[in-house]
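Note that the structure is predicted; figures quoted are calculated from it, not measured.
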Amino acid sequence: MAENWVLTTTAQTPTNIAVIKYWGKRDETLILPVNSSISVTLDPTHLCTTTTVAVSPAFQQDRMWLNGKEISLSGGRYQNCLREIRSRAGDVQDKQKGIKIEKKDWEKLHVHIASYNNFPTAAGLASSAAGFACLVFALAKLMNVKEDLSKLSAIARQGSGSACRSLFGGFVKWIMGKEEDGSDSHAVQLVDEKHWNDLVIIIAVVSSRQKETSSTTGMRESVETSLLLKHRAEEIVPKRIVQMEEAIKNWDFASFAQLTCADSNQFHAVCLDTSPPIFYMNDTSHRIISCVEKWNRTEGSPQVAYTFDAGPNAVLIARDRKTAMQLLQRLLFHFPPNPDTDLNSYVIGDKSILKEAGIERMKDVQALLPPPEVKDNVQAQKYPGDVSYFICTKPGKGPVLLSDESLALIDPKTGLPK
Ligand SMILES: Nc1ncnc2c1ncn2[C@@H]1O[C@H](COP(=O)(O)OP(=O)(O)OP(=O)(O)O)[C@@H](O)[C@H]1O
Ligand SMILES: C[C@@](O)(CCOP(=O)(O)OP(=O)(O)O)CC(=O)O
């Protein structure tokens with residue numbers, strides 16, 4: 001067999017946002033959680049990772065490039081994912097290219113990995129979730145691993161816990177499992193992305209200067225010091241998981257929103273209950289919560305759910321497009337862009353919602369009236385520049401293979417990033 005061939009596989013994988021949060025591990029190395037969690041997968045059109053994995057007998061070592069820069073693969077999390085996938089590799093044959101790799105060859109062959117996030121990395125938008133899910137999915141395809149997506153999710157879990165939920169579209173549950181070896185701690189799809197396709201998701205990327213505590217460190221400190229975390233994991237979450245599954249199955253937005261908001265707030269309460277306390281939300285996050293709470297109360301039933309991960313960004317889930325339009329009007333009223341900002345780069349993703357809301361240029365933003373539930377000047381205050389930008393999106397599908405070789409991030413001639 002010629003030694004100069006390069007075989008590539010490219011995949012695209014979404015990110016996800018938890019509506020019942022994972023916070024706390026019972027095993028740090030295997031990444032086993034103290035409670036189950038539920039998430040919604042976000043549309044990969046707006047937020048996704050693309051990863052190309054390549055193999056060649058000419059490669060001297062495993063290498064990886066993230067967003068164009070070479071990064072080290074020596075970390076335990078990358079090594080665990082690579083080892084688990086390699087041990088399950090099968091025979092691969094590409095007759096057209098005259099390539100034949102036998103199962104046993106994979107232990108000796110090295111891979112090159114190039115990955116690109118179409119959104120900011122490490123900005124609290126769960127890049128590690130989409131990233132590790134995509135890495136595991138693409139490697140499994142390249143190496144002809146026969147295991148189903150749930151089994152692959154248990155491998156992605158060892159890269160980053162929340163990554164296991166990015167192997168599926170729609171609503172996804174990460175079952176915590178009981179086994180010490182983690183074999184029963186994996187994700188399952190609850191419903192696909194078409195099940196509840198009225199939902200619209202608006203993410204407010206909140207400007208923040210300070211560097212937050214990473215999720216990994218934060219949850220370790222919470223496990224060590226928070227009594228509320230223990231109570232939450234043992235008593236509260238198991239009941240919420242059952243209720244949340246019911247709400248999703250029955251399109252019960254009122255219960256869905258109530259559970260989502262309560263669980264986000266409890267997760268942040270656990271962070272406050274940690275010693276020393278961890279603050280992930282900032283004043284802008286709190287103002288967004290107040291705005292949604294006030295509106296929901298005035299309507300008499302929830303219109304929008306909010307949830308916040310380990311950072312100040314708000315993920316807002318509206319019951320339908322009309323509500324999303326009204327939400328965007330409220331958000332732009334309170335959080336207009338700085339005067340010199342282009343509206344086109346201030347609201348990104350599915351911009352059609354902006355159009356439907358009758359907002360086409362900055363003067364339409366300036367003309368927005370205070371929402372009816374706002375009763376006084378204090379409540380009607382504006383905070384220009386406190387939000388960096390908004391992303392309009394919706395629930396989306398799971399990982400896909402990109403068979404068009406022109407979309408690969410690695411050049412099959414050189415084996416290096418294009
Ligand atoms: N496309 C990718 N492929 C592989 N690994 C990635 C990819 N993108 C991000 N990562 C890994 O995830 C790390 C960033 O994770 P981190 O948890 O700090 O940020 P985040 O996931 O963007 O935000 P958060 O977890 O707060 O939502 C990167 O340093 C890198 O190790
Ligand atoms: C607040 C969260 O987003 C925490 C996610 O934590 P990570 O999955 O990033 O942590 P590690 O497993 O240590 O990599 C809640 C969630 O996604 O469920």
Side-chain angles (χ1 to χ4, degrees), residues 1-13 28-31 49-94 97-117 121-122 127-147 151-160 163-164 166-167 214 216 399 401-402 405-418:
M1 185 168 28
E3 293 293 287
N4 58 356
W5 55 264
V6 177
L7 189 64
T8 68
T9 299
T10 302
Q12 207 164 66
T13 300
E28 289 263 345
T29 314
L30 286 170
I31 310 196
T49 293
T50 305
T51 300
T52 298
V53 287
V55 62
S56 167
F59 295 167
Q60 298 298 309
Q61 53 173 325
D62 292 337
R63 294 175 74 183
M64 175 161 183
W65 292 263
L66 175 57
N67 299 324
K69 270 211 189 112
E70 182 153 16
I71 62 162
S72 164
L73 280 174
S74 64
R77 290 172 173 220
Y78 286 112
Q79 287 301 316
N80 289 347
C81 290
L82 282 163
R83 188 195 59 244
E84 292 298 311
I85 289 287
R86 269 203 176 99
S87 72
R88 291 166 173 82
D91 296 340
V92 172
Q93 193 165 14
D94 186 325
K97 293 185 177 142
I99 300 168
K100 193 163 182 242
I101 306 169
E102 283 180 33
K103 197 174 160 57
K104 61 174 173 36
D105 298 335
W106 285 110
E107 290 300 329
K108 283 166 277 157
L109 286 165
H110 294 289
V111 289
H112 283 184
I113 303 160
S115 188
Y116 171 76
N117 301 325
T121 300
S127 67
S128 55
F132 278 102
C134 206
L135 176 67
V136 166
F137 184 77
L139 282 172
K141 295 294 164 197
L142 176 77
M143 298 187 183
N144 193 20
V145 172
K146 291 284 192 326
E147 316 233 320
K151 289 262 163 54
L152 294 184
S153 81
I155 300 175
R157 188 201 75 223
Q158 297 174 56
S160 177
C164 75
S166 272
L167 264 304
S214 76
T216 308
L401 274 181
L402 302 181
E405 278 193 7
S406 70
L407 298 173
L409 303 176
I410 289 180
D411 183 341
K413 287 198 192 78
T414 61
L416 294 169
K418 281 181 179 167

Assess whether side-chain contact (heavy atoms from CB on, under 4.5 Å) is satisfied between Ile410 and Leu416, documenting all intermediate values. CA-CA 5 Å; Ile410 289 180; Leu416 294 169; 5.9 Å; no
List the steps and the verdict of side-chain contact (heavy atoms from CB on, under 4.5 Å) for Ile85 and Met143. CA-CA 8 Å; Ile85 289 287; Met143 298 187 183; 3.7 Å; yes
Check the pair Tyr116, Trp65 against side-chain contact (heavy atoms from CB on, under 4.5 Å), reporting the backbone distance first and the verdict last. CA-CA 8 Å; Tyr116 171 76; Trp65 292 263; over 6 Å; no
Run the side-chain contact (heavy atoms from CB on, under 4.5 Å) check on Val55 and Trp106 step by step: do they pass? CA-CA 9 Å; Val55 62; Trp106 285 110; 3.7 Å; yes
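For the atom pair Asp411 CG and Leu409 CG, the distance stands at 11.5 Å (nearest 0.5 Å). Here the OG1-CG distance, from Thr50 to Asn117, works out to 8.5 Å after rounding to the nearest 0.5 Å. From Lys418, atom NZ reaches atom NZ of Lys413 across 9.0 Å, with rounding to the nearest 0.5 Å. Separation of atoms CG (Leu407) and CD (Gln12) is listed at 8.0 Å; rounding is to 0.5 Å. In this structure, CG in Leu66 is found 12.0 Å from OG in Ser72, a value given to the nearest 0.5 Å.
Counting all heavy atoms, side chain and backbone alike, Ala156 lies closest to Leu167 at CB-CD2, 3.7 Å. Heavy atoms only, all atoms of each residue included: Ser115 and Met64 are closest at CB-CE, 3.8 Å. What you find for Leu30 and Gln158 is that their closest heavy atoms are O-CG, 3.7 Å. The two residues Ala54 and Thr8 have their closest heavy-atom pair at CB-CG2, 3.8 Å. Of all heavy-atom pairs between Ala129 and Ala163, the closest is O-CB, 3.4 Å. Between Ser166 and Ala133, the shortest heavy-atom contact is CB-CB, 3.6 Å.
Defined by atom type and a distance below 3.5 Å, a donor-acceptor pair is missing between the side-chain atoms of Arg77 and Asn80. In the model, Thr51 has no side-chain atom that pairs as donor or acceptor with a side-chain atom of Thr49 under 3.5 Å.
Ile101 pairs with exactly one of Leu109, Asp91, Leu142 by the side chain to side chain contact (heavy atoms under 4.5 Å, CB included) rule, that one being Leu109.
A distance-only check finds no donor-acceptor pair linking the side chain of Asp62 to the backbone of His110 [under 3.5 Å]. Not a single donor-acceptor pair under 3.5 Å links the side chain of Lys100 to the backbone N or O of Val92. With hydrogens and angles disregarded, a donor-acceptor distance shorter than 3.5 Å links the side chain of Ser56 to the backbone of Trp5. Judged purely by atom type and a 3.5 angstrom limit, Gln60 uses its side chain to pair as donor or acceptor with the backbone of Ala58. Using a distance-only test at 3.5 Å, with no hydrogens or angles considered, no donor-acceptor pair links the side chain of Lys146 to the main chain of Gly90. A donor-acceptor pair under 3.5 Å is absent between the side-chain atoms of Lys97 and the main chain of Val6, judged by distance alone. No donor-acceptor distance shorter than 3.5 angstrom exists from the side chain of Arg63 to the backbone of Ile113, with no hydrogens or angles considered.
In this structure, Leu139 and Leu82 have side chains that are in contact, with non-hydrogen atoms separated by less than 4.5 Å. Contact of the Leu401 side chain with the Phe137 side chain is registered, since non-hydrogen atoms from C-beta on lie closer than 4.5 Å.
Ring geometry, Phe59 versus His112: the interplanar angle falls under 30°, so the pair is classed parallel (tilted spans 30 to 60°).
The pair Glu147-Arg88 meets the salt-bridge criterion, since a charged nitrogen lies less than 4.0 angstrom from a carboxylate oxygen.
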